[in-house]
Number of protein chains: 2
Amino acid sequence: MSATNITVTSQLTDAVPLGPCGDDDCGIRDVLDRLGDRWTVLVLVELSKGVRRFNQLHRAIPGLSQRMLTVTTKRLCRDGFVERTAYPTIPPQVEYRLTDMGRGLADTAFVLADWSRANKEAIAAARDRWDAEHE
Amino acid sequence: MSATNITVTSQLTDAVPLGPCGDDDCGIRDVLDRLGDRWTVLVLVELSKGVRRFNQLHRAIPGLSQRMLTVTTKRLCRDGFVERTAYPTIPPQVEYRLTDMGRGLADTAFVLADWSRANKEAIAAARDRWDAEHE
DNA sequence: CAGGATCCACCGTGATACTG
DNA sequence: CAGTATCACGGTGGATCCTG
């Protein structure tokens, strides 16, 4: 708390009030904590094609372990992005489907995916340049 | 500013061959690895207001340690989202500014922030419901 | 079939101290 | 001012085995 008040008077600061999430109560962390993990986006992509059962998802996403599929779907259900329907048959049968909000989440993920694909090469190029200079 | 128009056209039909990133070569992981970490979005928000120096960023983002600011800016520079300019004065002076691609990344982050804010309550409600049922 | 239960390796993050 | 260096920790994810 050494009062180092550095009034920099950058005219750009006053233009934006607080930024779209600078206040940190926009809830973007909850969303990014989902999207950011290893499998959520892939599960969303698969479920955006239609209703899927557990092993259908498992087979559709290579490298995804049984455990992580359980964890991922559970988190998606908890936040209301996915609806789980279990039929008490033998053997058991469980269906997963996107909720309306889940479809919204998937759509924003698609926006990200589109932007990522468009800038993929530029990012890779920048990275190579940086790595070459900082070997 | 963050009013980026989102043409989403919900891809629930069979029209999608493999999904927008199901093939996993759309580069979305590179982007999500950045956006997903703890401080990148906040740094992007701050830099979207204008050029900033190291300690300006440090002071602007509460809770962000010196070390993590270094790590975060370095990663952003490496991928070409931020440009670093160091003036060899004494004491040293370093400026950070968004590149054009960095502004694009910030814009997509704002799209996410907008959606997050719009669905914040719904997510919290779903989570409370889930937690109540699975206590 | 659809998970649950354990154990473990990794690494992103934080706290602290030091420096050109 | 703008970092670097070191240590420690907690959570995420992977592998394996077990079950209603």
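In what follows, every chain begins at residue 1, and chains take the letters A, B, ... in the order their sequences are listed.
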Selected nucleotide, minimal atom distance to Pro91(A) side chain, candidates dG13(D), dC1(C), dA17(C): dC1(C)
Backbone N/O of Val45(A) and side chain of Ser48(A): donor-acceptor pair under 3.5 Å: yes
Sugar-phosphate only, base, or nothing, as touched by Ser65(A) at under 4.0 Å among non-hydrogen atoms: nothing
For atom CZ of Phe54(A) and atom P of dG20(D), their distance in whole Å: 17 Å
Side-chain N or O of Arg38(A) closer than 4.0 Å to phosphate OP1/OP2 of dG14(D): yes
Separation of atom CG in Leu76(B) from atom P in dG3(D), rounded to whole Å: 13 Å
Donor-acceptor under 3.5 Å (Thr40(B) side chain, Gly36(B) main chain): no
Any Tyr96(A) side-chain N or O less than 4.0 Å from OP1/OP2 of dC1(C): no
Leu44(A) CG to Leu76(A) CG distance, which is reported to the nearest 0.5 Å: 5.5 Å
Whole-Å distance separating the CG atom of Asp33(A) from the C1' atom of dT13(C): 14 Å
Integer-rounded Å distance: dT4(D) C1' and His134(A) NE2: 14 Å
Atom-to-atom span, CH2 of Trp39(A) to P of dG13(D) - whole angstrom: 10 Å
Nucleotide dG11(D), atom P - distance to CZ of Arg75(A) in whole Å: 13 Å
Touch class at under 4.0 angstrom, heavy-atom based, for Tyr87(B) against every strand present: nothing
Donor-acceptor pair, side chain of Thr99(B) and main chain of Gly80(B), under 3.5 angstrom: yes
Short side-chain N/O contact to dC18(D) OP1/OP2 from Arg67(A), under 4.0 Å: no
Distance test, side-chain N/O of Arg53(B) to OP1/OP2 of dA2(D), below 4.0 Å: yes
Glu95(A) CD to dA2(C) C1', straight-line distance once rounded to whole Å: 13 Å
Distance below 4.0 Å between Lys74(A) side-chain N/O and dG3(C) OP1 or OP2: no
Out of dA2(D), dT13(C), dG13(D), whichever nucleotide has its closest atom nearest the side chain of Asp37(B): dT13(C)
Listed nucleotide nearest any side-chain atom of Gln66(B), set dT13(C), dC1(C), dA17(C): dA17(C)
Distance, rounded to the nearest Å, where Leu32(B) contributes CG and dG13(D) contributes P: 12 Å
Non-hydrogen side-chain atoms of Asp79(A) and Val31(A) separated by less than 4.5 Å: no
